[in-house]
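Input: a single structure, listed below in structure tokens.
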Amino acid sequence: MRARWIAHSRALLDSYRQLTGEELIARSADPQEEAERLFLAPMVVVSHGGESDPILNYGNRAALRLWEMEVENFIATPSRLTAEPEQREARARFLEEAERKGFVTGYEGIRISSAGRRFRISGATVWSVTTPDGEVIGQGATFSRWEDVASPA
């Protein structure tokens, strides 16, 4: 699993750079060091695969804390379940736009943790995650701003 995690971290970093022209983290020549740095980064970084009902396949420490999950549970979760039912249609439209364009920025929406805590994310960037030969294998997302919101009455 460690080798897969390192390879996926590299795919996240490389495809983000290729599509946006920016780096998610300071890069080095050591893939393991980069994977560790990405996992420990202060911003949230998540991704899901290309399944018809995509499953989360990466979450860094900030994401795991925000969604209040252990990595084993996180990477077995359909990504649509990170949003409340009434938020899923808008989320799906944004993901489709990101798929068409390669990446989009400025997403915001309400998400829900595994414990039921609601929070608003803002300023998210979503991008297509690709292999070195350009095959799309899913989508990544990153954001640095979130705030808890009250549950509806």
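Every value quoted in this text rests on a predicted model; they were computed, and no experiment measured them.
- Looking at heavy atoms from C-beta onward, P54 lies out of side-chain contact with Q139 at the 4.5 angstrom threshold.
- Under the 4.5 Å side-chain criterion, counting only non-hydrogen atoms from C-beta, R117 is in contact with L66.
- Considering CZ of F119 and CD of E147, their distance stands at 11.5 Å, rounded to 0.5 Å.
- Residues R91 and S79 bring a donor and an acceptor atom of their side chains to less than 3.5 Å of each other.
- The minimum heavy-atom distance linking A63 with G59 is given by the pair CB-CA, 4.1 Å.
- Between G140 and L12, the shortest heavy-atom contact is CA-CD2, 4.3 Å.
- Every residue meeting the ring pair (Phe, Tyr, Trp, His ring centres under 6.0 Å) condition with F143, not counting sequence neighbours, appears here in chain and number order: W146.
- In this structure, the side chains of N73 and S114 stay at 4.5 Å or more apart for every pair of heavy atoms.
- Between R27 and D14 the shortest side-chain heavy-atom distance falls below 4.5 Å.
- For the atom pair CZ (R118) and CD1 (I112), the distance works out to 7.0 Å, reported to the nearest 0.5 Å.
- Remark: the T82 side chain and the W67 side chain contain no N/O donor-acceptor pair separated by less than 3.5 Å.
- One finds a salt bridge joining R93 and E89 here, because a Lys/Arg side-chain nitrogen approaches an Asp/Glu carboxylate oxygen to under 4.0 Å.
- Between P78 and A76, the shortest heavy-atom contact is CD-O, 3.8 Å.
- Between the CD1 atom in I137 and the CD atom in E51 there is a gap of 10.5 Å [rounded to 0.5 Å].
- Looking at heavy atoms from C-beta onward, F74 lies out of side-chain contact with Y58 at the 4.5 angstrom threshold.
- If you check the side chains of S28 and D30, you find no donor sitting under 3.5 Å from an acceptor.
- For E23, the CD atom counts as densely surrounded, since its 6.0 Å shell holds more than 12 non-hydrogen atoms of other residues, nucleotides or ligands.
- Annotation: the span from R80 atom CZ to T77 atom OG1 amounts to 10.5 Å, rounded to 0.5 Å.
- V149 and L81 are assigned to two separate hydrophobic clusters, defined by single-linkage of ILVMFWY side chains at heavy-atom distances under 4.5 Å.
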Output, in order, the C-alpha distance, side-chain angles, deciding distance and verdict of salt bridge (charged side-chain N to carboxylate O under 4.0 Å, His left out) for E68 and R111. CA-CA 12 Å; E68 301 177 274; R111 295 293 175 266; over 6 Å; no
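- Ion pairing of R2 with E36 is present here, as a side-chain N (NZ or NE/NH1/NH2) and a carboxylate O approach within less than 4.0 Å.
- V71 places none of its side-chain heavy atoms less than 4.5 Å from the side chain of F39.
- Taking 4.5 Å as the limit, some side-chain heavy atom of M43 sits within range of a side-chain heavy atom of L24.
- In this structure, the side chain of T142 engages the main chain of V44 through a donor-acceptor pair within 3.5 Å.
- Rounding to the nearest 0.5 Å gives a distance of 6.5 Å between OG1 of T130 and CG of L19.
- Rounding to the nearest 0.5 Å gives a distance of 12.0 Å between CD1 of I6 and CG of L38.
- Cluster membership check: W5 shares its hydrophobic cluster with M69, using side-chain heavy-atom separations under 4.5 Å among Ile, Leu, Val, Met, Phe, Trp and Tyr.
- Hydrophobic clustering, with ILVMFWY side chains joined whenever heavy atoms are under 4.5 angstrom apart, groups Y16 together with I25.
- For F103, the ring pair (Phe, Tyr, Trp, His ring centres under 6.0 Å) criterion is met by no residue, not counting sequence neighbours.
- Clustering ILVMFWY residues whenever any of their side-chain heavy atoms sit less than 4.5 angstrom apart, transitively, puts V104 in a cluster other than the one holding V136.
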